[in-house]
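The structure under discussion appears below in the form of structure tokens.
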Amino acid sequence: MKFSELDVVRIKKDVPEKGIKKGDKGTIIVAFSKPHEAYEVEFWDNVYTPKQVVLLPDEIEKVEET
């Protein structure tokens with residue numbers, strides 16, 4: 001699998017129905033391998049409301065720790 005649970009990732013596309021914008025950072029909370037590789041990612045808005053969305057590996061990129 002390309003990513004692991006608790007990895008911090010950046011989304012590569014807008015998800016307007018969830019209020020998530022390209023470039024937002026989130027945390028992988030569940031990694032799925034079947035039937036296809038996918039990840040449930042949790043994002044937080046500016047008032048700390050969590051938003052979850054399931055994404056494919058090509059829709060996110062890992063945020064490198066500095």
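Just so you know, these numbers use all the heavy atoms, side chains as well, and skip hydrogens, waters and symmetry mates.
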If every non-hydrogen atom of F3 is compared with every non-hydrogen atom of Y39, which pair is closest and at what distance?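 That would be N-OH, 3.1 Å.
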Please report the closest heavy-atom contact between V41 and V9, naming both atoms and the distance.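 Taking every non-hydrogen atom into account, CG1-CG2, 3.9 Å.
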Kindly work out whether a path of hydrophobic side-chain contacts (I/L/V/M/F/W/Y, heavy atoms less than 4.5 Å apart) joins I60 to M1.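 The answer is yes; both residues are in one hydrophobic cluster.
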Show every donor-acceptor pair shorter than 3.5 Å between a side-chain atom in residues 17-36 and any protein atom, with sequence neighbours excluded, or say none if there are none.
unit_1, atom_1, unit_2, atom_2, d
K18, NZ, Q52, O, 3.3
D24, OD2, K21, N, 2.9

Results of salt bridge (Lys or Arg N to Asp or Glu O under 4.0 Å) for E37 - residues two or more places apart only: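 Once residues adjacent in sequence are excluded, E37 has no partner under the salt bridge (Lys or Arg N to Asp or Glu O under 4.0 Å) criterion.
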Not counting sequence neighbours, which residues clear side chain to side chain donor-acceptor pair (under 3.5 Å) with E40? List them please.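 For E40, no residue satisfies side chain to side chain donor-acceptor pair (under 3.5 Å) once neighbours in sequence are set aside.
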Is there a side-chain contact between K13 and L55, using heavy atoms and a 4.5 Å cut-off?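 Touching, per the 4.5 Å side-chain cut-off.
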Could you check whether any side-chain heavy atom of I11 comes within less than 4.5 Å of a side-chain heavy atom of F43, counting everything from C-beta outward?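 They are in side-chain contact.
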